[in-house]
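The structure under discussion appears below in the form of structure tokens.
Chain letters run A, B, ... following the sequence lines, proteins first, then strands; residues in each count from 1.
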Amino acid sequence: MTDKPQDESKLIAERRRKLDALRADGNAFPNDFRRNATADELQGTFVDHSDEKLREEKIQVAVAGRMMVKRVMGKASFIKLQDRSGQIQVRLERDHLPEGLYATFKKWDVGDIVAAKGSLFRTQTGELTVLADEVRLLTKSLRPLPEKFHGLADQETRYRQRYVDLIVNEESRKVFRTRSAIVAYIRAFLDAQDYLEVETPMMQVTKGGAVARPFTTHHNALDMSLFLRIAPELNLKRLVVGGFERVYEINRNFRNEGVSTQHNPEFTMLELYRAYADYEDLIEMLEALLHGLAESILGTAIVRYQGEEFNFGEPFARMTVEEVVRKYNPDIDAAKIRDRDYLVGVCKRLRVGVKDNYGPGKLLIEIFDKTGEHELRKPTFITQYPTEISPLSRKNDADPFVTDRFEFFIGGREIANGFSELNDPEDQAERFHAQVADAEAGDDEAMAFDHDYIRALEYGLPPTAGIGVGIDRLVMLLTDSPSIRDVLLFPHMRPEVFD
RNA sequence: GGGGCGUUAGCUCAGUGGUAGAGCAUUCGGCUUUUAACCGACUGGUCGAAGGUUCAAAUCCUUCACGCCCCA
């Protein structure tokens, strides 16, 4: 009744024969069992119950899960069932089960989904165990699990077949539970401050909100091109114009760039906007958020990441872009640090590519990226980003060469980017024109002119500050994960070849 | 895009030119308190793909695929 691929492993073929027998015997995939407790509920509830007390009370339980351990010792066996909460041991005795069931059970395999009903007791070593009155096979597993001791180590298989990784690697399950807890903490933190969570379009007609290359898609019925968003920024600020003075979105962005341990084509960002605030207010807020997160997730303000140690309990360091450039390039002439020709010379010495349309601000940031970024190990706010490369940021009142903007670095990586928003519609229009000029000069990362966004600003965006936080990188930090793929359930991979 | 490393049984891994290996898992037998259970027997491979060198290739060479790391 089953078509068997010729190259199918003998292990799978063996299990398929068992499934055939199950089908012949009735419903091989029943869905009428209901459990009354998870493993951890039982472990917690009866933690103080002795074996005698458990046997006295005859506590009836119904448990189910994946059979991860199977130890047959003649006429009795121990198995362990793994459910979403943990594992619970079950003891099966031939003479304590309905006639013939024990012999049937012996054919079941590690990996099968099994249910058991019975009463609780403790073994000689004190392990809480269900003495089974009844056991059932709920789902036959056709594929053998990886070896029990070493688990699944192969990176490629862990990423491609995450379900197997999650079955056998507790550390991997823990990473994704922590990820969920981090996002839940952030939501609670913001909700407590009266922020409104919103969702804005993933598919956009105009690319904007960040300097990056977009993915393009096509709407058939409308016969038009659409961009997958590179940022939600402009839409969120439209909402502030609309009177939602505190908004945030936690969602995916898409950037058509390289893949690395730090980059996935789609990644998750928290972006938030707050009216009547400036970038200094958001620096304070981010410090409070990160401190609270560390205490909540790790139970301490000390974050250990890949051999480095960061204290989230104290205010973070601050430097300006120019200070960083001068610190890591001590030979630079401070008097000429905004001189285009001089900076071109520095870039050439550093073997940084320079284009004709680069102004001093762009050149400065190229030098920063090349020489400074990786040195920013301890949590550090970098401020005063050049206006030239910050088309949506408010100019600094005293020094319009730079904006009231910061980026936040830990371990040499950008974690967040925030600024006082540019709410002058005429200045914003000029900045868009500059972006369009860059685009025409061949810069495929430049923004388009967003007429509707200018119109929104013309209605009046209150003085506002905003911030974007890379959630994946934050999760990496708090789970000590070396690669972004370790914190993405299904990281981007080239297609697998099935032959 | 460039460089380095990797791909051998279901899983974890040995194997540097001369008969393809181990542990776990599977299969069979034994065992009524195991904890990577234990004891005994057996089984399991187009060595990532294609081509080349050689009397002989998992091993050397070339190309390709996929993955990991570093750099741009």
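U33(B) and A25(B) have their C1' atoms separated by 24 Å, with the value rounded to a whole Å. If you take atom P in G17(B) and the same atom in A58(B), they sit 13 Å apart, rounded to whole Å. U59(B) and G18(B) are spaced 11 Å apart, taking the P atom of each and rounding to whole Å. For the C1' atoms, the distance from A41(B) to U54(B) is 41 Å, rounded to whole Å. Separating the C1' atom of U19(B) from that of U27(B) is a span of 26 Å, rounded to the nearest Å. Using atom C1' as the reference point in both G6(B) and C13(B), the two lie 13 Å apart (nearest Å). A50(B) and C28(B) have their P atoms separated by 35 Å, with the value rounded to a whole Å. Look at the P atom in both C38(B) and G23(B): the space between them is 13 Å, to the nearest Å.
Between Trp108(A) and Phe105(A), the two ring planes are perpendicular [angle over 60°; tilted spans 30° to 60°].
Using a 4.0 Å cut-off, no side-chain N or O of Gln89(A) falls inside it from OP1 or OP2 of U35(B). For Arg160(A), no side-chain nitrogen or oxygen approaches OP1 or OP2 of C68(B) to under 4.0 Å. Put simply, Arg485(A) has a side-chain N or O that comes within less than 4.0 Å of OP1 or OP2 on C68(B). For Lys10(A), no side-chain nitrogen or oxygen approaches OP1 or OP2 of C42(B) to under 4.0 Å. Distances shown here put a side-chain N or O of Lys370(A) below 4.0 Å from the OP1 or OP2 atom of A72(B). Phosphate proximity of A25(B) to Lys148(A): present, with a side-chain N or O under 4.0 Å from OP1 or OP2.
Here Gly258(A) lies out of heavy-atom contact (under 4.0 Å) with every strand. Within the nucleic acid shown, Tyr102(A) has no heavy atom closer than 4.0 Å to any nucleic acid atom. Among the atoms of the strands shown, only primed sugar atoms or phosphate atoms (P, OP1, OP2) are found under 4.0 Å from some heavy atom of Ser483(A). Nucleic acid contact class of Val72(A) (heavy atoms, under 4.0 Å, all strands): base. In this structure, Asp154(A) reaches the sugar-phosphate backbone alone: every heavy-atom distance under 4.0 Å involves primed, P, OP1 or OP2 atoms, never a base. If you check every strand for non-hydrogen atoms under 4.0 Å, Lys106(A) touches nothing.
C64(B): Watson-Crick or G-U partner is G48(B), with both key distances under 3.5 Å. Using Watson-Crick or G-U wobble geometry with both donor-acceptor distances under 3.5 Å, G1(B) finds its partner in C71(B). The pairing partner recorded for G23(B) is C11(B), the criterion being a Watson-Crick or G-U wobble arrangement whose two distances lie under 3.5 angstrom. Applying the Watson-Crick and G-U wobble criteria (two distances, each under 3.5 Å), C28(B) pairs with G40(B).
Nearest nucleotide to the side chain of Glu14(A), out of U27(B), G67(B), C69(B): U27(B). Out of G67(B), U27(B), C24(B), the shortest distance to the side chain of Glu147(A) is found at C24(B). Of the candidate nucleotides U27(B), U33(B), G10(B), U33(B) has the atom nearest to the side chain of Met73(A). Relative to the side chain of Thr123(A), the nucleotides U32(B), G67(B), U33(B) differ in distance, and U33(B) lies closest.
Glu127(A) contributes no side-chain N or O that forms a donor-acceptor pair with the base of U33(B) under 3.5 Å. On a pure distance criterion of 3.5 Å, no polar donor-acceptor pair joins the side chain of Thr125(A) and the base of U34(B).
In this structure, Arg494(A) atom CZ and C64(B) atom C1' are separated by 12 Å, rounded to whole Å. The distance between atom CG of Asp95(A) and atom P of U33(B), rounded to the nearest whole Å, is 13 Å. If you take CZ of Phe149(A) and P of C13(B), they are 12 Å apart, rounded to a whole angstrom. Between Arg91(A) atom CZ and A37(B) atom P there is a gap of 16 Å when expressed in whole angstrom units. Computed from coordinates, the Leu131(A) CG to U34(B) P distance equals 15 Å when rounded to whole Å. With rounding to whole Å, Arg351(A) atom CZ is found 14 Å from G2(B) atom C1'. The interatomic distance linking Gln306(A) (CD) with C69(B) (C1') rounds to 13 Å, in whole Å. For the pair Asp165(A) CG and C11(B) C1', the interatomic distance rounds to 14 Å; values are reported in whole Å.
Annotation: of the two residues near RNA chain B, Arg94(A) and Tyr159(A), the 5′-most nearest-nucleotide partner is Arg94(A). Taking for each of Glu156(A) and Val69(A) the nucleotide of RNA chain B with the nearest heavy atom, the 5'-most of the two is the partner of Val69(A).
Between Glu445(A) and Arg255(A) no salt bridge is recorded (no basic side-chain N to carboxylate O distance below 4.0 Å). The residues Glu407(A) and Arg405(A) are annotated as salt-bridged, a charged nitrogen and a carboxylate oxygen being separated by less than 4.0 angstrom.
Contact of the Ser119(A) side chain with the Val61(A) side chain is not registered, since no non-hydrogen atoms from C-beta on lie closer than 4.5 Å. In this structure the side chain of Lys117(A) reaches within 4.5 angstrom of the side chain of Phe33(A), judged on heavy atoms.
For the residue pair Ser481(A) / Tyr305(A), no side-chain donor-acceptor distance below 3.5 Å is found, with atom types taken as modelled.
Outside the 6.0 Å centre-distance limit, the rings of Tyr385(A) and Phe406(A) are not counted as a close aromatic pair.
Tyr358(A) does not carry Lys355(A) over the face of its six-membered ring by the limits of under 6.0 Å from the centre and within 45° of the normal.
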